[in-house]
Amino acid sequence: MKPDSAPTPERSDFLREIVAADLVAGRHDSVVTRFPPEPNGYLHIGHAKSICLNFGIAAEFGGRCHLRFDDTNPCKEEQEYIDSIQTDVRWLGFDWAEHLYYASDYFEQLYEWAVHLIKNGKAYVDDLSADDIRTHRGTLTEPGIESPWRERTADENLDLFARMRAGEFPNGSRVLRAKIDMTSGNINFRDPVMYRILHAEHPRTGSTWCIYPSYDFAHGQSDAIEGITHSICTLEFQDHRPLYDWFIENLPVPSTPHQYEFARLNITHTVLSKRVLLRLVNEGHVHGWDDPRMPTLSGIRRRGFPADGIRDFAAMVGVARADSVVEIEMLEHAVRDALNRTALRRFGVLNPLKVVIDNFPEDRVEQVEVPNNPEDESAGTRAVPFARELWIERDDFMEEPAAKFFRLAPGREVRLRSAYFVTCTDVVKDDRGEVIELRCTYDPDTRGGSSPDGRKVKATLHWLSAGHALPAEIRLYDHLFASAHPGSGGRDLFDDLDPASETILTGAFVEPSAADIEIGQTVQFERLGYFCPDSDSSPAALVFNRTLTLKDTWAKLQAQGRHDSL
RNA sequence: UGGGGCGUAGCCAAGCGGUAAGGCAGCGGACUUUGGAUCCGCCAUCCGUAGGUUCGAAUCCUACCGCCCCAGCCA
């Protein structure tokens, strides 16, 4: 290994600097990281940051990254989560190759190491109840006091620990504790629990075990077994690092991994906490883990966010040690940016308004050629049927146009995208005075959307042939929480849920080719936003989710106007 | 009040003793067959505060202030 052979990644942050320095100094031949989820819930975008970090560093430095399930608490873990986590990591674009591991694979080795500590007088079986252990632990400012069982002989401890494993004792009756320092300022050193009795069915080991190692006793040793060089976790584990190191130093482990911490991701208008997400699901605030409003990877996937947009976002927010809350606009920017490059353009009308072109022959249907993606000529074009009766967007017409509104209005000429210029000649209303139809004329010389005489129009509208359009249900999504910082200011988090975060539109139409969009593909309905077929969609009943709107200057002007008039 | 961290623009975030990158948001303008996209310009005399060291400090030292995490047999 040449000291100067460490690759220099384009991105840099304090972790990459540490890795690069370790490689240059020859402390490691290659870097090995790991992403260690507990299978007790679905992965969310905060995990995506960690996944991109761990797999990203490994890839950039020519190392490898393991996927390891931290499955040491059978009470909360399920196979469903193990499966979804693998699906999500792959979807994000990462590959652990053959390096799929489970902390539960190491239970026997961990048990032997616990015995090793007992023999060295560094661990003991404690008969205190959970409550007593808590009171003996002291407080943040007062030292703890030692358990009366702390000085048992190694033989007695060995016997008791073996019987714990054998299932002789009920849950909670005893624990194995590391014997460190009940007066330490670091509470993790006040004889932390290494094993607890849990007569529970484990998703992988079934009923083989009835004692389970704690996180602190399992994590570092699992890292050591796998030869992890850089064990990257979030800030709240900083206080655990001395304990992590203590176990590594006091056990005959095959390698000496080191732990590094970074600030977890927070995003405005949402919540990245498995505990809260579980409640949202269980209490029915959303339709499930993959509800398109959820920040879970399965949720944003269903919503239509592309994996590369998420990866771009992770790179954009960076990695540091300061607590931070990223504005959700940054995520949305990354998603729009990714989608703008690749999404095919289609026509869809959310709130249809009938338009009749009076001077267009009644039985004529023209096939208009429309570009699939103006950003990418190689995406080609498609034919969209044009006829006498059309749908346009209700918002694209104002009988009495406001200032700066330059779409359709009585007497006004606009362009129907890629088709013709049309002029509104009449407005048809129902008994209640509501506009139900527009009569227009078209200029046959403007076929394709431009005028031979060079005259300009101020607006271009999307449209659909009423006789050819396909009905569709369209689900509009907005931020799950109305507040930028849910639960701040002493409010109940759940009171900040936005009841309008999901709006179902049933009267919408899409162009015929939209029926061919596959699940997993996100397209742009021109001028509206990005949409994707929902998993509920079928050829007989099309359902689209709105991924994100396009940036909308007009909507912003309107919002400002509303604001100014207050 | 014990221990561990963190404070650079509205939000992220570079910066590692030589005179404040970049992105998001915002604001102007150009262009436009998506009011999209794209392009151009503006946006910290200042780095939590106060002292000190130095020719020179966001970077070093001291004190103070503020915020976050830790008292699960969760991870």
Side-chain angles (χ1 to χ4, degrees), chain A residues 12-13 17 36-38 40 70 72-73 75-76 126 128-130 133-135 137-144 171-177 183-190 192-198 211-212 214-216 218-219 233-242 261 263 265 268 274-275 313 315-334 336-337 340-341 345 347 370-371 374-375 404-407 415-419 421 446 448-450 456-462 484 524-529 549-557:
Chain A
S12 194
D13 51 64
E17 283 179 12
E38 183 189 10
N40 67 343
D70 217 339
T72 58
N73 184 359
C75 304
K76 293 183 176 174
D126 195 341
L128 250 29
S129 68
I133 286 180
R134 183 169 2 96
T135 54
R137 187 151 34 224
T139 68
L140 294 180
T141 53
E142 305 158 38
N171 288 354
S173 56
R174 281 175 235 264
V175 292
L176 182 72
R177 293 227 256 170
T183 68
S184 174
N186 183 341
I187 288 174
N188 294 299
F189 266 4
R190 320 242 266 227
V193 169
M194 294 167 55
Y195 272 91
R196 71 282 209 191
I197 299 170
L198 252 26
I211 57 172
Y212 290 91
S214 62
Y215 166 85
D216 287 308
H219 203 96
C233 62
T234 43
L235 252 27
E236 65 269 28
F237 291 99
Q238 286 176 103
D239 291 346
H240 295 247
R241 191 172 62 229
E261 312 87 15
L265 177 66
T268 57
K274 277 203 254 183
R275 192 193 110 256
F313 171 66
M316 235 187 275
V317 300
V319 183
R321 285 173 67 84
D323 292 317
S324 61
V325 185
V326 172
E327 290 175 337
I328 198 166
E329 287 78 7
M330 207 192 286
L331 204 212
E332 295 172 346
H333 168 82
R336 285 195 184 96
D337 196 47
N340 179 50
R341 295 191 296 261
R345 271 57 171 178
F347 287 162
V370 186
E375 303 291 309
K404 292 182 186 169
F405 177 88
F406 39 83
R407 277 113 91 149
R415 169 168 42 235
L416 295 182
R417 165 129 241 228
S418 299
F421 284 8
T446 57
S450 58
K456 304 284 187 198
V457 289
K458 290 201 76 177
T460 300
L461 271 42
H462 57 280
Q524 182 190 112
F525 286 161
E526 288 206 45
R527 302 208 307 131
L528 297 176
T549 61
L550 249 28
K551 287 212 264 179
D552 188 340
T553 312
W554 170 243
K556 195 160 76 179
L557 281 173

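These numbers come from the heavy atoms of this one structure, side chains and all, not from hydrogens, waters or symmetry mates.
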Between [N] ([atom2]) and [X] ([atom1]): distance, integer Å:
X	N	atom1	atom2	value
A/K456	B/rG35	NZ	P	15 Å
A/M316	B/rG23	CE	C1'	7 Å
A/N188	B/rG5	CG	P	13 Å
A/M194	B/rA75	CE	C1'	17 Å
A/D216	B/rA75	CG	C1'	9 Å
A/N340	B/rC24	CG	P	13 Å
A/Y215	B/rC73	OH	P	16 Å
A/L265	B/rC12	CG	C1'	10 Å

So [X], base contact, sugar-phosphate only, or nothing? Heavy-atom distance under 4.0 Å.
X	value
A/K556	sugar-phosphate
A/E329	sugar-phosphate
A/R417	base
A/G318	nothing
A/L176	nothing
A/R321	sugar-phosphate
A/S184	nothing

Task: Anti versus syn assignment for B/rG52, with syn defined as within 90° of 0 - done: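 Classified anti.
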Please tabulate the protein-to-nucleotide N/O contacts below 3.5 Å involving nucleotides 67-69 of chain B, giving atom names and distances.
| residue | atom | partner | partner atom | Å |
| --- | --- | --- | --- | --- |
| B/rC68 | O2' | A/D323 | OD2 | 3.3 |

Considering only [options], which nucleotide approaches the side chain of [X] most closely?
X	options	answer
A/E17	B/rG35, B/rG15, B/rA75	B/rG15
A/L550	B/rG36, B/rG23, B/rU33	B/rG36
A/T460	B/rC73, B/rG36, B/rU33	B/rU33
A/W554	B/rC24, B/rG35, B/rG7	B/rG35
A/K551	B/rA13, B/rA25, B/rC11	B/rA25

Does any donor-acceptor pair link the side chain of [X] with the base of [N] at a separation under 3.5 Å?
X	N	answer
A/R336	B/rG36	no
A/E375	B/rG36	yes
A/E327	B/rG10	yes
A/Q238	B/rC6	no

Open item on the list: Whether the A/T460 and A/R415 side chains hold a donor-acceptor pair (N or O, under 3.5 Å, no angle test) is what I'd like checked.
Closed with: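 Yes.
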Task: Separation of A/N40 CG from A/K274 NZ (nearest 0.5 Å) - done: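 Taking NZ in A/K274 and CG in A/N40, the distance rounds to 4.0 Å.
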Open item on the list: For the backbone of A/F421 and the side chain of A/T446, can you confirm whether one donor and one acceptor N or O come within less than 3.5 Å of each other?
Closed with: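 Present.
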